[in-house]
K.L.:
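Submitted below is the structure of interest, expressed as structure tokens.
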Amino acid sequence: MRPKDSWKFALSSLLLLASCAGAQIPQDKQLMSERQITTARHGHVLTNARVWSPDGRWLVYDIRSEGPPPGFNGDRIEMVNVETGEVRVLYQSKNGAFCGVVTFNPREPKVVFILGPENPTPEWEYSMWHRQGAIVDVTTPGKAANLDACDVTPPFTAGSLRGGSHVHVWDAAGEWVSFTYEDHVTAQFEKATDANDINLRNVGVSVPGHSVRVNKGHARNRDSDYFTVLATRTTANPKPGSDEISKAYEEGWIGDKGYVRADGSRQRRALAFQGNVVSTDLKTVPEVFIVDLPEDVTVPGDGPLAGTATRMPYPPKAAAQRRLTFTTERKFPGLQGPRHWLRSSPDGARIAFLMKDEQGIVQFWTIAPTGGSPRQLTRNAWPISSAFTWSHDGRLIAHAMDNSVCVTDSTTGSTTRVTPRSEDKSGPLAEACVFSPDGRRIAFLRKVQDGGVVFPQIFVVGLDAVAAAKGR
């Protein structure tokens, strides 16, 4: 079934019915009030979530470019006022460091981002296990505090890690921060043995209120006011057909206040994430996993929170990891489509992810955090083509599809264009379609040509007319 017309859009003083099933929309008109927010002749990169300030007035971004040189090459964190276009520099990296992938705290005026090493050396240059989270209060720009402590010299310190964290996102309360992590200590090993682990990507959390002070036996060791642990457990060689995973990644907080367990009690904090299992026919398949987090992450579980010289850090006691999807026997097994982070409905009842349907088209699917069968939400003619976010009330999901920004009704699965279809070279980029805190606007990226050079620029489209029409 193709998407249906569900709402009326404002075209100047007219209302136009627009369908994602292929309505011919004049390219010189806009379905909604799309506006280009940034114009500077450098890159602008939005993270996949939490890019709006709590009051919805500012968007935060980094200035990475596609190259040359390629890779993690931005040196500023900036924010732009969506009404006036005013730009403020929040952080300028120095001494050869780079920074990027920035998100806002949902309740306080502060941001968190990846910061690479200053004064890099051949032994300690930017890599997946040589980076950290840094926090800046937007009222005092330029002053960065450490999110995650680091201690790479044994005996290691509980509450610190020994490597690099990545894509930091606060929970809805603006307290705990999730991230993905890779480990400097075990990166020295090329092969996992009975005596040692190897570096594998995992999901971790940083919790405020537990200051961590480490020994200064290494120039890269650092303190933090957050207590940081890994939440997941991986293995280099998962048993085929088992729930063991070799990688944990692309996580998202479940619910604004957690979720309701099958017995009616509430799990306050939990993370959904992608985990790579091995099927019985020896294929690597990404599945949906969940980890329930204890309120006290300072208590060790099956091993030292800080790890050892040969072992990865262990999750805290009562961290419960389990598998939610079992798709290895499907025609198109596993999560697929553009790179995306699992995102939960605000009430915590549904976790959204991308997977192909029987025709090979990437669609939205959802599953409850308590398990059960996944539900196919959309049945569109075109694949979902970007990361996505939920509106604050859980009614809509914002995403790109067929070179348009779209919204999908989270109950019916009906998908509607919010912007006209663009040419391939200027279509919405896959990195981000992010709802504002009030659910009235979506921020996204397009490539814009300027003087023969192309730069990613930030755009915002408003949904006021959609809300008004739906309320009639």
Side-chain angles (χ1 to χ4, degrees), residues 2-3 5 7 9 11 16 18-49 51 59 61-67 70 80 82 336-341 343 352 354 356-357 359-364 378-389 396-408 414-436 441-463 466:
R2 293 192 175 198
D5 294 324
W7 300 317
F9 292 101
L11 271 178
L16 174 69
S19 167
C20 271
Q24 297 301 310
I25 302 167
Q27 294 301 298
D28 61 343
K29 296 181 179 180
Q30 291 183 326
L31 291 177
M32 299 298 295
S33 53
E34 176 184 328
R35 292 188 297 118
Q36 183 175 341
I37 304 301
T38 58
T39 58
R41 300 184 81 251
H42 57 67
H44 301 80
V45 183
L46 295 171
T47 308
N48 65 86
V51 297
L59 286 165
Y61 58 93
D62 66 70
I63 65 163
R64 283 171 292 160
S65 67
E66 295 182 324
V80 60
V82 295
Q336 300 204 37
R339 186 180 186 184
H340 66 282
W341 283 253
R343 295 291 172 228
L354 301 180
K356 288 182 178 179
D357 61 17
Q359 287 71 49
I361 299 173
V362 176
Q363 308 283 2
F364 276 118
T378 56
R379 288 172 169 80
N380 292 326
W382 299 279
I384 307 300
S385 60
S386 74
F388 55 88
T389 54
L396 300 174
I397 302 174
H399 59 93
M401 185 184 77
D402 188 39
N403 284 1
S404 293
V405 173
C406 297
V407 290
T408 288
S414 175
T415 299
T416 309
R417 290 188 200 270
V418 176
T419 64
R421 190 185 188 282
S422 308
E423 296 181 1
D424 289 348
K425 63 182 180 181
S426 60
L429 299 182
E431 282 83 352
C433 274
V434 187
F435 263 116
S436 60
R441 291 166 293 179
I442 299 168
F444 63 101
L445 297 168
R446 291 189 190 275
K447 290 184 177 179
V448 176
Q449 186 169 9
D450 183 356
V453 183
V454 175
F455 301 101
Q457 300 288 0
I458 298 173
F459 287 72
V460 167
V461 61
L463 300 186
V466 171

K.L.:
Under the side chain to side chain donor-acceptor pair (under 3.5 Å) test, which residues partner S385, sequence neighbours left out?
P.N.:
none

K.L.:
Taking side chain to side chain contact (heavy atoms under 4.5 Å, CB included) as the test, write out the residues that go with S426, two or more places apart.
P.N.:
S422, E423

K.L.:
Could I get the full list of side chain to side chain donor-acceptor pair (under 3.5 Å) partners for R64, not counting sequence neighbours?
P.N.:
D62

K.L.:
Should L445 and I458 be marked as a side-chain contact (heavy atoms from CB on, under 4.5 Å) after you check the CA-CA gap, both sets of side-chain angles, and the distance that decides it?
P.N.:
CA-CA 5 Å; L445 297 168; I458 298 173; 3.7 Å; yes

K.L.:
Can you find a side-chain donor-acceptor pair between R343 and N48 that sits under 3.5 Å?
P.N.:
yes

K.L.:
Kindly write out the residues that satisfy side chain to side chain donor-acceptor pair (under 3.5 Å) with S404, not counting sequence neighbours, or none if the list is empty.
P.N.:
R417

K.L.:
Checking V460 against L59 for the side-chain contact (heavy atoms from CB on, under 4.5 Å) test, could you report, in this order, the C-alpha distance in whole Å, the side-chain angles of both residues, the deciding distance, and whether it holds?
P.N.:
CA-CA 10 Å; V460 167; L59 286 165; 3.7 Å; yes

K.L.:
Look at the rings of Y61 and H44 and say which category their plane angle falls in: under 30° parallel, 30 to 60° tilted, over 60° perpendicular.
P.N.:
tilted

K.L.:
So, taking the atom named CD in Q363 and the one named CZ in R379, what distance separates them when rounded to the nearest 0.5 Å?
P.N.:
8.0 Å

K.L.:
Carefully, step by step, assess L354 and F388 under the rule side-chain contact (heavy atoms from CB on, under 4.5 Å).
P.N.:
CA-CA 10 Å; L354 301 180; F388 55 88; 4.0 Å; yes

K.L.:
What distance do R41 atom CZ and Q457 atom CD have between them, rounded to the nearest 0.5 Å?
P.N.:
10.0 Å

K.L.:
Atom CZ in R446, atom CG in N403: separation rounded to 0.5 Å?
P.N.:
8.5 Å

K.L.:
Is Q336 reaching over with its side chain to a backbone N or O of I361, donor-acceptor style, under 3.5 angstrom?
P.N.:
no

K.L.:
Please evaluate residues V434 and F444 with respect to the criterion side-chain contact (heavy atoms from CB on, under 4.5 Å), reporting the C-alpha separation (whole Å), side-chain torsions for both, the decisive distance (0.1 Å), and the verdict.
P.N.:
CA-CA 7 Å; V434 187; F444 63 101; over 6 Å; no

K.L.:
For S436, check side chain to side chain contact (heavy atoms under 4.5 Å, CB included) against everything at least two apart and list the hits.
P.N.:
W52, D438, R441

K.L.:
Go through the structure and list residues passing side chain to side chain donor-acceptor pair (under 3.5 Å) with E431, not counting sequence neighbours.
P.N.:
none

K.L.:
Can you tell me how far the CG atom of L396 sits from the SG atom of C406, to the nearest 0.5 Å?
P.N.:
12.0 Å

K.L.:
Quick check for you: to the nearest 0.5 Å, what is the distance between T415 atom OG1 and N380 atom CG?
P.N.:
3.5 Å

K.L.:
For H399, run the side-chain hydrogen bond (donor to acceptor under 3.5 Å, both in side chains) check against T378, T389, T408 and tell me which one passes.
P.N.:
T408

K.L.:
What residues, two or more places apart in sequence or in another chain, satisfy ring-ring contact (aromatic ring centres under 6.0 Å, His included) together with F435?
P.N.:
none

K.L.:
Among all residues two or more places apart in sequence or in another chain, which pass the side chain to side chain contact (heavy atoms under 4.5 Å, CB included) test with P456?
P.N.:
L429

K.L.:
Counting N and O atoms only, with roles assigned by atom type, does the side chain of Q36 sit under 3.5 Å from a partner on the main chain of T38, one being a donor and the other an acceptor?
P.N.:
yes

K.L.:
What residues form a ring-ring contact (aromatic ring centres under 6.0 Å, His included) with F455, not counting sequence neighbours?
P.N.:
none

